[in-house]
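Report on the following structure.
Atoms considered below: every heavy atom in the structure, side chains included; atoms not considered: hydrogens, waters and symmetry mates.
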Amino acid sequence: MSDMTGAPSEDQEYNLIREYAEALGLLVIYWASLENTLSFCLQKLASVDEWTSDCIATSIGKAEGRAGLIQRFALRPGHSPSDEWRDCVIGMCIQITNLSEKRNRLVHDDWFAQEDVITRQNNAIKIRKLGAGETKSILKSVPVPSHVGEIADLTQRTALIMLHMPFLCTSYERWKHKGRPVTVPPQAIQLSMGILPASTPLDD
């Protein structure tokens, strides 16, 4: 949180940002759980032990990198229980990549409290790409208003993906080793398309 001219007193600022801080903290907790979930999914899709999957996941690091590897596993010839399953897993991974960019901005942006408004700013300097023959220039993002709702939405999507992905990957393992048919939950299909389902696997 940064100081700005005209910023509220410390007590006022604390009250203003407390709800945001709690929302961001919940997002960080769920995101860490999602990264561990992706390690579990790598274990199931690669048919390796937990130590091996953790070594792979640690080497990749970020959630979007793990999601990219899961996509490649799902696309291997002969390794998709059904087109529906494959498309759902790939869609989930795409959603993870999209959410990761938003999560990074929420976690790493500079936050400002001024009067009754919360804003955040990406302080990274970007190079503006111009047309041929024009001189490049640098630019900086301006602060944008933020609200708890955008954080809560991202946290909800993260939590739902974290619930659905292990189910999909465990279903793959049962199909691969025991020949059991795979049924993809409608909620997972919705989520893979960026639509928030009305219920979760725990509700079924």
Atom [atom1] of [X] and atom [atom2] of [Y]: how far apart are they, to the nearest 0.5 Å?
X      : Y      : atom1 : atom2 : result
Lys176 : His79  : NZ    : NE2   : 4.0 Å
Met162 : Met92  : CE    : CE    : 12.0 Å
Ile161 : Tyr30  : CD1   : OH    : 13.5 Å
Lys44  : Cys169 : NZ    : SG    : 9.5 Å
Leu191 : Gln95  : CG    : CD    : 6.5 Å
Leu24  : Thr155 : CG    : OG1   : 8.0 Å

Are Glu150 and Arg105 within salt-bridge range, i.e. N to O under 4.0 Å?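 Here Glu150 does not pair with Arg105 in a salt bridge, since their nearest N and O are not under 4.0 Å apart.
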In the hydrophobic clustering that connects Ile, Leu, Val, Met, Phe, Trp and Tyr at side-chain heavy-atom distances below 4.5 Å, which members other than Val48 occupy its cluster, ordered by chain and number?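 So far as hydrophobic clustering goes, Val48 is joined with none.
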Please say whether more than 12 non-hydrogen atoms of neighbouring residues, nucleotides or ligands are located less than 6.0 Å from CD in Glu173.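 More than 12 heavy atoms, drawn from other residues, nucleotides or ligands, come within 6.0 Å of this atom.
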Atom NZ of Lys102: over 12 foreign heavy atoms under 6.0 Å: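 No, not enclosed.
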Would you say the side-chain atoms of [X] pair up with the backbone N or O of [Y], donor to acceptor, closer than 3.5 Å?
X      : Y      : value
Thr58  : Cys55  : no
Ser39  : Glu35  : no
Ser100 : Thr97  : no
Trp85  : Leu168 : yes
Trp111 : Leu106 : yes
Arg76  : Arg72  : no

Please say which of Ile29, Thr158, Leu99 ends up in a side-chain contact (heavy atoms from CB on, under 4.5 Å) with Leu34.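 Only one of Ile29, Thr158, Leu99 forms a side-chain contact (heavy atoms from CB on, under 4.5 Å) with Leu34, namely Thr158.
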What heavy-atom pair brings [X] and [Y] nearest, and what distance separates the two atoms?
X      : Y      : value
Phe40  : Pro166 : CE2-CB, 3.8 Å
Ala74  : Ser80  : O-OG, 2.7 Å
Gly194 : Arg157 : O-NH1, 2.9 Å
Phe167 : Thr183 : CE2-O, 3.7 Å
Cys41  : Ile70  : CB-CD1, 3.8 Å
Val182 : Pro81  : CG2-CB, 3.6 Å

Are [X] and [Y] in one and the same hydrophobic cluster, where Ile, Leu, Val, Met, Phe, Trp and Tyr link if side-chain heavy atoms are under 4.5 Å apart?
X      : Y      : result
Ile118 : Val148 : yes
Val28  : Leu38  : no
Leu160 : Ile94  : no
Ile195 : Ile96  : yes
Met193 : Leu196 : yes

Apply side chain to side chain contact (heavy atoms under 4.5 Å, CB included) to residues Asp83 and Arg86 and explain how you reach the verdict. CA-CA 5 Å; Asp83 291 346; Arg86 180 198 61 217; 3.1 Å; yes
A side-chain contact here means heavy atoms from C-beta on lying under 4.5 Å apart; do His108 and Arg103 qualify?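 Yes, close enough: below the 4.5 Å cut-off.
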Check whether any side-chain heavy atom of His164 sits under 4.5 Å from a side-chain heavy atom of Ser192, and report yes or no.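 No, their side chains stay 4.5 Å or more apart.
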